[in-house]
Every structure is written in structure tokens, then in C-alpha cells.
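Numbers here simply count residues along the sequence, with the first being 1.
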Amino acid sequence: MQEIFRWVQANQEALPDSPEKAANLRWIALRLAALEQADNAADLIALFGGVRFHSGMRSAFRGMHYVYVAAIPRSEGQRKLLCRDE
């Protein structure tokens, strides 16, 4: 997941400056930080276990993004991973 976020981050950084670019970079940074601070692998697996990480960066990011938008956190750890307190 970190590799995918860094790939997306690099693509965003290559774009011209704009408010949307700044917002996207902040979105990525918050989720990267939450991922790095995760306490429980079970929360990661429960949330992102269905994402097809082997299907390419773009497809994997789409799957991850869907989880961030649609998943309902079932624990405090999942809520933190999903950045639902921002």
C-alpha cells in the first residue's frame, strides 16, 4: 500500500500547482501516516483484503480509494486507518 501511495504521490507532484493538487497530496499524506501508525494487521486485512494489489498500480489504487470512501469501520483501528476523524 505504501508503494502505491508513493506512486500516486509522485504522479500528483508532477502536475502543475493547483488547489486540487494540494488537497490530493494532503489526502495521500494523511493516509500514509495512518498506515505507518497502524497497530493491528487484522484491521488492514479486514479493510483491504479484497483489493487486487497484483493488478497494477492504477487498479490497486482504485480499489484502495473505494475502501477509503465506502468502508464502514468496525473498530477504532479501522476508523484511524480510514482517517475518519479528519
Side-chain angles (χ1 to χ4, degrees):
M1 287 180 64
Q2 290 173 330
E3 181 181 346
I4 293 164
F5 275 133
R6 289 192 176 97
W7 175 80
V8 173
Q9 189 175 40
N11 285 320
Q12 285 296 308
E13 288 171 348
L15 297 174
D17 289 340
S18 70
E20 182 180 75
K21 174 185 171 179
N24 289 342
L25 288 172
R26 181 178 179 274
W27 189 91
I28 294 164
L30 286 171
R31 278 140 189 89
L32 253 175
L35 181 61
E36 291 168 355
Q37 296 171 6
D39 294 332
N40 189 338
D43 289 331
L44 279 168
I45 294 166
L47 290 170
F48 299 98
V51 176
R52 296 180 188 175
F53 289 102
H54 62 279
S55 61
M57 294 287 201
R58 187 178 310 269
S59 179
F61 180 70
R62 284 185 189 136
M64 289 167 50
H65 187 267
Y66 178 79
V67 171
Y68 282 107
V69 171
I72 298 169
R74 308 251 185 248
S75 70
E76 182 65 17
Q78 288 182 12
R79 188 185 62 74
K80 288 179 182 178
L81 277 169
L82 295 172
C83 299
R84 293 294 168 86
D85 55 343
E86 52 176 25

Student: Looking at the rings of Phe48 and Tyr68, which for Trp means the six-membered one, are their centres under 6.0 Å apart?
Tutor: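 Ring centroids of Phe48 and Tyr68 are less than 6.0 Å from each other.
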
Student: Under 4.5 Å between any side-chain heavy atoms of Asn24 and Glu20, yes or no?
Tutor: yes

Student: If the condition is side-chain hydrogen bond (donor to acceptor under 3.5 Å, both in side chains), which residues does Gln9 pass it with, not counting sequence neighbours?
Tutor: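 Residues passing side-chain hydrogen bond (donor to acceptor under 3.5 Å, both in side chains) with Gln9: none at all.
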
Student: Partners of Asp17 by side-chain hydrogen bond (donor to acceptor under 3.5 Å, both in side chains), sequence neighbours excluded?
Tutor: Lys21

Student: Can you name the nearest heavy-atom pair linking Met1 to Leu44, along with the distance?
Tutor: SD-CD2, 4.1 Å

Student: Given Val8, which of Leu32, Leu25, Ile28 fulfils the side chain to side chain contact (heavy atoms under 4.5 Å, CB included) condition?
Tutor: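 Of all the options given, the one that passes is Ile28.
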
Student: Over all heavy atoms of both residues, which pair between Val67 and Leu82 is shortest? Give the atoms and the distance, please.
Tutor: O-CD2, 3.9 Å

Student: What is the distance from atom OG of Ser75 to atom CG of Leu47, rounded to the nearest 0.5 Å?
Tutor: 7.5 Å

Student: Rounded to the nearest 0.5 Å, what separates atom CE in Met57 from atom CZ in Phe5?
Tutor: 12.0 Å

Student: Report the residues that fulfil side-chain hydrogen bond (donor to acceptor under 3.5 Å, both in side chains) with Arg79, sequence neighbours left out, ordered by chain and then residue number.
Tutor: Glu76

Student: If you take all heavy atoms of Gly77 and Asp43, which pair is closest and at what distance?
Tutor: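 Closest heavy-atom pair between Gly77 and Asp43: CA-OD2, 3.3 Å.
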
Student: Determine whether more than 12 heavy atoms belonging to other residues, nucleotides or ligands lie under 6.0 Å from atom CD of Glu36.
Tutor: yes

Student: Which pair of heavy atoms, one from Arg84 and one from Pro73, lies closest together, and at what distance?
Tutor: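 The pair with the smallest heavy-atom distance is NH1-CD, 3.4 Å.
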
Student: Applying side-chain contact (heavy atoms from CB on, under 4.5 Å), run through Trp27 and His65 and close with a yes or a no.
Tutor: CA-CA 11 Å; Trp27 189 91; His65 187 267; 3.7 Å; yes

Student: Mind listing the closest non-hydrogen atom pair of Ser55 and Ala60 along with its distance?
Tutor: OG-N, 4.3 Å

Student: In Å, rounded to the nearest 0.5 Å, how long is the span from CH2 of Trp7 to CZ of Arg58?
Tutor: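 Here the interatomic distance stands at 4.5 Å.
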
